[in-house]
Amino acid sequence: MLYGGQYRYRDVVASALGWWADAGVDMLAEEDVRDWLAPPPPKAPAAPADTHAASALPPTASALPDTLEALHALLATGAYAPSPAPPRLRVAPSGDPAAELMIIADMPDPGDAEAGHLFAGETAQLFDAMLAAMGLDRARCYLAPFSPARAAGRLDPKQGEALATLMRRHIALAAPRALILFGDSVAHCLLGADALATRGGIRSVNHDGGIVPAIATFHPRHLRRMPALKAAVWTDMRLLLGVLAR
């Protein structure tokens, strides 16, 4: 079609595209000939490993802290928290490090980091009532998080292994007479099973200095949602009182 002695290029292009469509062409073709039977090109080199994941591997025995003060510093700054957790989101141990009873919680609850200690916020009243029923209070226990920061989901297996290694040294340095393990991840990493499978009896946790009796039971946060579990937890607590009374 002519317009002023010139083709209307828009119409020419549209006509050409229509011809190719009628011919069955539905994709672009390369100018160069491709050998479809040739082997695929080599893969690009793998990306470098995650440095945080690598740093979360269990440390050697010689690299573990040999004092509680050094261990607390490592929990506050080292790569043993869900990746990555800045110090302001971590919760330090609290209470009396020389207490006979050490209570290990799986991880901080929402609000614990802001409060600066475990079992703050909605679980505080219930947890304090549980201790009072045992004739104890926070000042006469040693409270420690298994993971110093809250994870978005379940702990990565390598991270859990690193935290378990550090916690075994933590227990050895604190040297309690008995342990309470709150939460499935603690029970799984230190006893090899979840809290539901291990509750109802006294277990033994191996650590760098020997073994210590322990109960694994439900975290207070679960008791708030499922009050019917309180009786089971109280049964577990009474077993532990028997150990401490010896």
Side-chain angles (χ1 to χ4, degrees), residues 58 64 68 71 75 93-109 117-119 123-124 126-148 154-155 157 160-246:
L64 287 169
L68 277 174
L71 187 141
L75 286 173
S94 59
D96 181 6
E100 293 187 334
L101 177 62
M102 182 175 182
I103 299 176
I104 304 173
D106 53 2
M107 64 183 70
D109 279 334
H117 58 80
L118 291 170
F119 305 109
T123 62
L126 177 57
F127 176 69
D128 290 337
M130 293 167 67
L131 290 181
M134 299 177 69
L136 298 170
D137 55 36
R138 293 178 187 245
R140 288 185 287 170
C141 300
Y142 184 43
L143 313 180
F146 181 72
S147 170
R154 297 183 67 87
L155 290 172
E161 186 180 354
L163 288 168
T165 298
L166 195 61
M167 181 52 72
R168 294 183 194 281
R169 174 56 61 91
H170 199 162
I171 295 169
L173 293 173
R177 289 188 57 207
L179 300 173
I180 295 178
L181 311 181
F182 278 136
D184 281 350
S185 58
V186 183
H188 177 73
C189 292
L190 295 182
L191 298 175
D194 60 32
L196 182 61
T198 54
R199 66 155 303 275
I202 299 294
R203 312 296 171 180
S204 295
V205 172
N206 295 315
H207 60 82
D208 295 350
I211 61 173
V212 59
I215 60 165
T217 193
F218 301 107
H219 193 286
R221 77 172 75 93
H222 297 307
L223 302 185
R224 293 187 64 254
R225 295 194 293 264
M226 295 175 284
L229 295 176
K230 290 181 180 180
V233 173
W234 176 236
T235 299
D236 296 336
M237 298 286 194
R238 291 177 63 186
L239 287 173
L240 202 66
L241 285 174
V243 172
L244 293 173
R246 295 173 187 169

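In this text, all values refer to a predicted model and were calculated from it rather than measured experimentally.
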From [X] atom [atom1] to [Y] atom [atom2], the distance as rounded to the nearest 0.5 Å:
| X | Y | atom1 | atom2 | result |
| --- | --- | --- | --- | --- |
| Asp184 | Phe218 | CG | CZ | 8.0 Å |
| His188 | Phe146 | NE2 | CZ | 9.5 Å |
| Ile171 | Met102 | CD1 | CE | 5.5 Å |
| Thr123 | Met130 | OG1 | CE | 10.0 Å |
| Thr235 | Met237 | OG1 | CE | 10.5 Å |
| Cys189 | Arg168 | SG | CZ | 9.0 Å |

Problem - From CA spacing to verdict: salt bridge (charged side-chain N to carboxylate O under 4.0 Å, His left out), Arg224, Asp109 - result: CA-CA 13 Å; Arg224 293 187 64 254; Asp109 279 334; over 6 Å; no
Problem - Working for side-chain contact (heavy atoms from CB on, under 4.5 Å), residues Thr217 and Phe182 - result: CA-CA 6 Å; Thr217 193; Phe182 278 136; 3.5 Å; yes
Indicate yes or no for a side-chain donor-acceptor contact from [X] to the backbone of [Y] under 3.5 Å, with no hydrogens or angles considered.
| X | Y | result |
| --- | --- | --- |
| Arg203 | Ile215 | no |
| Asp128 | Leu131 | no |
| Arg140 | Ala99 | no |

If every non-hydrogen atom of [X] is compared with every non-hydrogen atom of [Y], which pair is closest and at what distance?
| X | Y | value |
| --- | --- | --- |
| Trp234 | Ala133 | CH2-O, 3.4 Å |
| Pro108 | Leu118 | CA-CD2, 4.0 Å |
| Ala214 | Val205 | CB-CG2, 3.8 Å |
| Ile104 | Leu179 | CD1-CD2, 4.3 Å |
| Ser94 | His117 | OG-CB, 4.2 Å |
| Leu244 | Ala178 | CD2-CB, 3.9 Å |

Practice task
Given side-chain contact (heavy atoms from CB on, under 4.5 Å), test Leu181 with Leu190 step by step and report yes or no.
Solution key: CA-CA 9 Å; Leu181 311 181; Leu190 295 182; 4.2 Å; yes
Practice task
Please lay out, stage by stage, how Asp106 and Arg221 fare under the test side-chain contact (heavy atoms from CB on, under 4.5 Å).
Solution key: CA-CA 11 Å; Asp106 53 2; Arg221 77 172 75 93; 2.9 Å; yes
Practice task
For Ser147, enumerate each residue passing the side chain to side chain contact (heavy atoms under 4.5 Å, CB included) test, keeping only those at least two apart in sequence or located in another chain.
Solution key: Pro82, Met107, Leu155, Leu163
Exercise for the section: Enumerate the residue pairs fulfilling salt bridge (charged side-chain N to carboxylate O under 4.0 Å, His left out) with a member in residues 231-246, sequence neighbours excluded, ordered by first and then second residue. Expected result: Arg199-Asp236
Handout entry: Check: Tyr142 and Leu68 side chains under 4.5 Å, non-hydrogen atoms
Key = yes
Practice task
Output yes when Arg169 and Asp208 qualify as a salt bridge under the 4.0 Å nitrogen-oxygen rule, no when they do not.
Solution key: yes
Handout entry: Test side-chain contact (heavy atoms from CB on, under 4.5 Å) applied to His170 and Leu75, step by step
Key = CA-CA 10 Å; His170 199 162; Leu75 286 173; 4.1 Å; yes
Problem - Ring centres under 6.0 angstrom apart (His219, Phe119) - result: yes
Handout entry: Qualifying residue for side chain to side chain contact (heavy atoms under 4.5 Å, CB included) with Leu101, from Leu240, Leu143, Val243
Key = Leu240
